[in-house]
Amino acid sequence: MDAPASPSGRWDSLIERAYRERRRALYAVAFHVLHDRGEAEDCVHDTIARLLQHGHSYTEARGSIEAFLTVCVRNEALTRIRKRANRSRIERERLGGEQVEPPVDAPVVERAALQQALQSLSAPQRETLRLAYYGGLTHEQIAARTNEPVGTVKSRLSAGLRALRAYYLARGEDV
Amino acid sequence: MTAHIGESAELYALGALSEDERAQVDAHVVQCDACAARLGEAERTVAAMEETGSSANRRPRAWRFPAAAVAAAFVLGLVPSGWFWSAQQRANAYDADREGALAAMVSSHFSHAQFQPLAAGAPKAKLIYARSGRWVYAVAQTGKPLLLEVREGGKAVPLGMLHVLGGSAELFVRDAGTGRSFVLNDGRRDIERVSLPAR
């Protein structure tokens, strides 16, 4: 994330502390996407190092620094896996091999508790959210895959995530 | 200032934006607190999804209304008898209303506030409310039905009994009136209260 540097890096010590305390959880976030121990460790380390060295977009208005780091790590992991998928696609095309689905679409076992949360969404919201969350696809890739307009995909993702927030809040969780 | 990020907040948190699109969001949220707050909400939701997924002992409860719970509460003397039939009537309407409740929550901006205890043993409870003031949603961590009331001009207006769903109780109220102070009553006395900021 090439975010503008935060003024005076006043959040850096908080980021470092959150990283020390939440290291294992952040590693799990990266691993869920990458399915590779070494790469997951690199991903977390690189994310934190870049936030501290090149600045970031965290401000107080954003709230939870842990959630901010979770999303930073996940986005970095997704960037890595998209690049990996792109490299293998180019490689295959050069070698004249047949086109195969990118590895991000590998079947995943949906975790039971989250599956139940997703049941609170409408079917189109749920399916679109799954393609983003489990499939790691961008909104444009989802639109291409589902033959839906980009605007529709964006609305479903946005409304779907807000519906999930309502679900968690109603269960008494602070989100 | 660059354009507000709108739906891109949720797309950013879900990882559905490209690197360039993310950079645009980053550039905006450092100078716009409203968009940073929306992005923060989306990030906390994704963090909750990650946690829900990785912890086996946190099971969400089903979204079902057991009408039997109100009947049981009545038999056990937890609910004043006058409440029983009206609660039962509302219970039947409530299931059908739930979809509408979630739809209302999704299509509007909302905040939440914690109830403050007025009596010992008051369960943890919160009020989720539309910033437009259109609806409120009370949730309490209790298996006992409580009565939600709003204070309007010094008098208490009952809004309804919370519906018991396993270990928690909840009530969605579509039109909660103009009062900004809400109390939960256990049938004998007010046990907790929350005052919302003035609109």
Side-chain angles (χ1 to χ4, degrees), chain A residues 1-4 6 25 28-29 32-33 56-64 66-68 70-71 74-75 77-79 110-114 116-117 119-120 129 132-133 136-142 153-155 157-175, chain B residues 6-19 21-23 25-30 32-37 39-56 58-63 102-103 105-107 110 112 124-126 128 137 139-141 168 170:
Chain A
M1 243 156 294
D2 298 315
S6 62
V29 168
H32 284 157
V33 176
H56 52 80
S57 62
Y58 181 81
T59 60
E60 204 163 9
R62 206 144 153 180
S64 164
E66 287 85 2
F68 162 76
T70 297
V71 168
R74 220 182 97 82
N75 274 330
L78 287 166
T79 299
E110 193 166 281
R111 292 156 283 175
L114 183 54
Q116 210 161 343
Q119 290 305 319
S120 65
L129 211 69
Y133 186 71
L137 302 182
T138 66
H139 62 100
E140 283 174 348
Q141 289 171 322
I142 296 171
V153 170
K154 289 172 83 167
S155 300
L157 290 175
S158 173
L161 192 67
R162 284 181 290 133
L164 274 185
R165 177 165 179 260
Y167 172 88
Y168 285 119
L169 275 176
R171 290 174 64 232
E173 289 186 30
D174 288 318
V175 286
Chain B
E7 292 175 339
S8 291
E10 288 79 32
L11 272 71
Y12 180 110
L14 279 166
L17 295 182
S18 68
E19 278 185 280
E21 291 166 327
R22 276 207 311 265
V25 170
D26 283 323
H28 179 75
V29 293
V30 290
C32 177
D33 281 356
C35 286
L39 178 58
E41 288 177 355
E43 287 177 332
R44 291 194 293 283
T45 310
V46 169
M49 288 167 80
E50 288 289 326
E51 280 182 36
T52 314
S54 58
S55 169
R58 289 169 54 178
R59 297 245 169 81
R61 289 181 294 275
W63 281 111
L102 270 179
M105 291 175 79
V106 170
S107 60
F110 53 86
H112 59 107
K124 201 175 161 198
K126 68 166 67 169
I128 303 165
Y137 193 2
V139 189
Q141 286 181 5
S168 76
E170 55 155 74

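Note: hydrogens, waters and symmetry copies are ignored here, and every other heavy atom, side chains too, is used.
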Which atoms form the tightest heavy-atom contact between B/Gly15 and A/Asn75, and what is the distance? CA-OD1, 3.0 Å
Does the side-chain contact (heavy atoms from CB on, under 4.5 Å) test come out yes or no for B/Leu17 and A/His139, once each step is laid out? CA-CA 7 Å; B/Leu17 295 182; A/His139 62 100; 3.8 Å; yes
Do B/Glu7 and A/Ser155 have side-chain atoms, one donor and one acceptor, less than 3.5 Å apart? yes
Are side-chain heavy atoms of B/Leu39 and A/Phe68 found at a separation under 4.5 Å? no
Taking every heavy atom of A/Val175 against every heavy atom of B/Ala48, the minimum-distance pair comes out as CG1-CB, 3.6 Å
How long is the straight-line distance from OG1 of A/Thr70 back to CE of B/Met49, given to the nearest 0.5 Å? 12.5 Å
Please classify the contact of A/Ser64 with chain B as side chain, backbone, both or neither, using a heavy-atom distance under 4.5 Å. both
If I take atom CZ from residue A/Arg62 and atom CZ from residue B/Arg44, how far apart are they, to the nearest 0.5 angstrom? 10.5 Å
If you round to the nearest 0.5 Å, how far is CD of B/Glu10 from CG of A/Leu129? 10.5 Å
Which distance, rounded to the nearest 0.5 Å, do you find between the CD of B/Glu50 and the NE2 of A/His32? 6.0 Å
Spacing of B/Ser18 atom OG and A/Leu78 atom CG [to the nearest 0.5 Å]: 12.0 Å
Nearest non-hydrogen partners of A/Ser57 and B/Val30, listed with the distance: CA-CG1, 3.4 Å
For the atom pair CG (B/Leu14) and CZ (A/Arg74), what is the distance rounded to the nearest 0.5 Å? 7.0 Å
Grab the two heavy atoms, one from B/Leu11 and one from A/Ser158, that are nearest each other, plus how far apart they are. CD1-N, 4.3 Å
In terms of heavy-atom pairs under 4.5 Å with chain B, the winner among A/Thr79, A/Val33, A/Thr59, A/Val153 is A/Thr79
